[in-house]
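Written below as structure tokens is the structure these notes are about.
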There are 2 protein chains.
Amino acid sequence: MDIRPTNSELEILNVLWRRGPSSVREVHNILDKRRKTGYTTVLKLMQIMAEKGLVTRDEQNRAHVYSALPAESETQRNLVDDLVDRVFGGSAHKLALHALGSKKATPAELAELRKLLDDLEEQV
Amino acid sequence: MDIRPTNSELEILNVLWRRGPSSVREVHNILDKRRKTGYTTVLKLMQIMAEKGLVTRDEQNRAHVYSALPAESETQRNLVDDLVDRVFGGSAHKLALHALGSKKATPAELAELRKLLDDLEEQV
DNA sequence: AGATAACTACGAAAAGTTTCGTATAATGCA
DNA sequence: TGCATTATACGAAACTTTTCGTAGTTATCT
């Protein structure tokens, strides 16, 4: 499946990824903190996402519960690939350099990265 | 400045970054190879970009010459930040992990990353 | 029960992006 | 000179994305 959510859809997916299955109200509460937004705006978006198959919806109770499809990593990969192609001329490691340079990582995160580097170098 | 070009604008900026100052005709020739597109479509986009301040325009000669205004690296940073926020919940190192995992890097690139890691760890 | 609050459904406006046709002016060349 | 080519300007259509109001339904509370 080719999953390329819009920006607004991504914001919602992000909440679902982090919180797990959630109602519109719960998602709205979170998004509204960052940026004032109408309840029915979020509702409508989530309805559209359900139509598109970006989320599933449990209609058991009155307040429906939405879940992100189990494709988080795939979606992320698509978006990373897009960015690499469009902005970094296909060079993934340039993106990695940028990502590290822009925000400071914790020692634990650096260690994790170092481990990945070790693995990658061994493979060769 | 807050620079968040649309996809079409990015394609044009990419050409300008690579070629340097160019006429609409030159940009169109390149874009048209990858994906058939009308000349006036590209013209209009570049006119809009000039209005927005994404490019400057030299009107000396009949065929105006456009130059990318935002630095490539600055734009890259903005877009990376966006992606980190919207898709990786603010965790830059997750993006880095993804970028490395998805496409294979050369040993030289891995070495470069390792060097950056060293620097970052020293700073702490 | 009756009022209030919370929910979904849905149409449609508003805003943003992309595409292109037409008008018009400047240039090149037979 | 006159015709074909190559430019820009610009309006507007075609799409996509985002926002929100309104209507109607279900639950909750006094």
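Labels below follow one simple rule: chain letters A, B, ... track the order of the sequence lines, proteins then strands, and each chain is numbered from 1.
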In B/S/- notation (B base, S sugar-phosphate only, - none; protein heavy atoms under 4.0 Å), nucleotides 24-30 of chain C written 5' to 3' is -BBS---
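The CG-P distance, from B:D58 to D:dT8, rounds to 12 Å in whole Å. Put simply, CD on A:Q47 is 13 Å from P on C:dC7, counting in whole angstrom units. Rounded to an integer number of Å, the gap from A:E59 CD to D:dT26 P is 14 Å. With rounding to whole Å, A:R25 atom CZ is found 12 Å from C:dT8 atom C1'. Look at CD on A:E51: it is 11 Å from C1' on C:dA9, rounded to the nearest Å. One interatomic measurement links the two molecules: CD of A:Q60 to C1' of C:dT8, which rounds to 16 Å at whole-angstrom precision. Here C:dA15 presents its P atom at 21 Å from CZ of B:R4, a figure rounded to the nearest Å. As a whole-Å value, the separation of B:M46 CE from D:dA9 P is 12 Å.
Looking at residues two or more places apart in sequence or on another chain, you find no salt bridge (Lys or Arg N to Asp or Glu O under 4.0 Å) involving B:R34. Annotation: side-chain hydrogen bond (donor to acceptor under 3.5 Å, both in side chains) contacts of A:D32 (sequence neighbours excluded): A:K36. Here A:K115 pairs with nothing under the salt bridge (Lys or Arg N to Asp or Glu O under 4.0 Å) rule; sequence neighbours left out. Scanning for salt bridge (Lys or Arg N to Asp or Glu O under 4.0 Å) contacts around A:K33 gives an empty result, with sequence neighbours left out.
The side chain of A:T6 has D:dT18 as its nearest neighbour among D:dT18, C:dC7, D:dA7. Checking D:dA9, C:dT8, D:dT18 against the side-chain heavy atoms of A:V24 singles out C:dT8 as nearest.
Classification of B:R86 and B:D81 as a salt-bridged pair fails, no side-chain N sitting under 4.0 Å from a carboxylate O. Looking at B:D118 and A:R114, a side-chain N of the basic residue comes within less than 4.0 Å of a carboxylate O on the acidic one, giving a salt bridge.
The end-to-end axis angle of the helix from C:dA1-D:dT30 to C:dA30-D:dT1, rounded to 10 degrees and based on five pairs per end, is 10°.
For residues 18-29 of chain B, the pairs satisfying salt bridge (charged side-chain N to carboxylate O under 4.0 Å, His left out) are B:R19-B:E26, with sequence neighbours left out. Annotation: ring-ring contact (aromatic ring centres under 6.0 Å, His included) contacts involving residues 7-36 of chain B, sequence neighbours excluded, comprise B:H28-B:Y39. For the salt bridge (charged side-chain N to carboxylate O under 4.0 Å, His left out) condition, the pairs that include at least one residue of residues 58-68 of chain A, sequence neighbours left out, are A:R57-A:E59. Here ring-ring contact (aromatic ring centres under 6.0 Å, His included) pairs that include residues 57-81 of chain B, with residues two or more places apart or in two chains, number zero.
Between A:R57 and C:dA9 there is a side-chain polar atom (N or O) within less than 4.0 angstrom of OP1 or OP2.
The ring of B:H98 has its center closer than 6.0 angstrom to the ring center of B:F88.
A heavy atom closer than 4.0 Å to some atom of DNA chain D occurs in no member of residues 7-15 of chain B. Contacts of residues 29-45 of chain B with DNA chain D (heavy atom under 4.0 Å): B:Y39, B:T40, B:L43, B:K44.
Atom CE of B:M46 and atom OG1 of B:T41 lie 13.0 Å apart (nearest 0.5 Å). For the atom pair CG (A:L97) and CD (B:E109), the distance works out to 8.5 Å, reported to the nearest 0.5 Å.
Between B:L13 and B:L69 the shortest side-chain heavy-atom distance does not fall below 4.5 Å.
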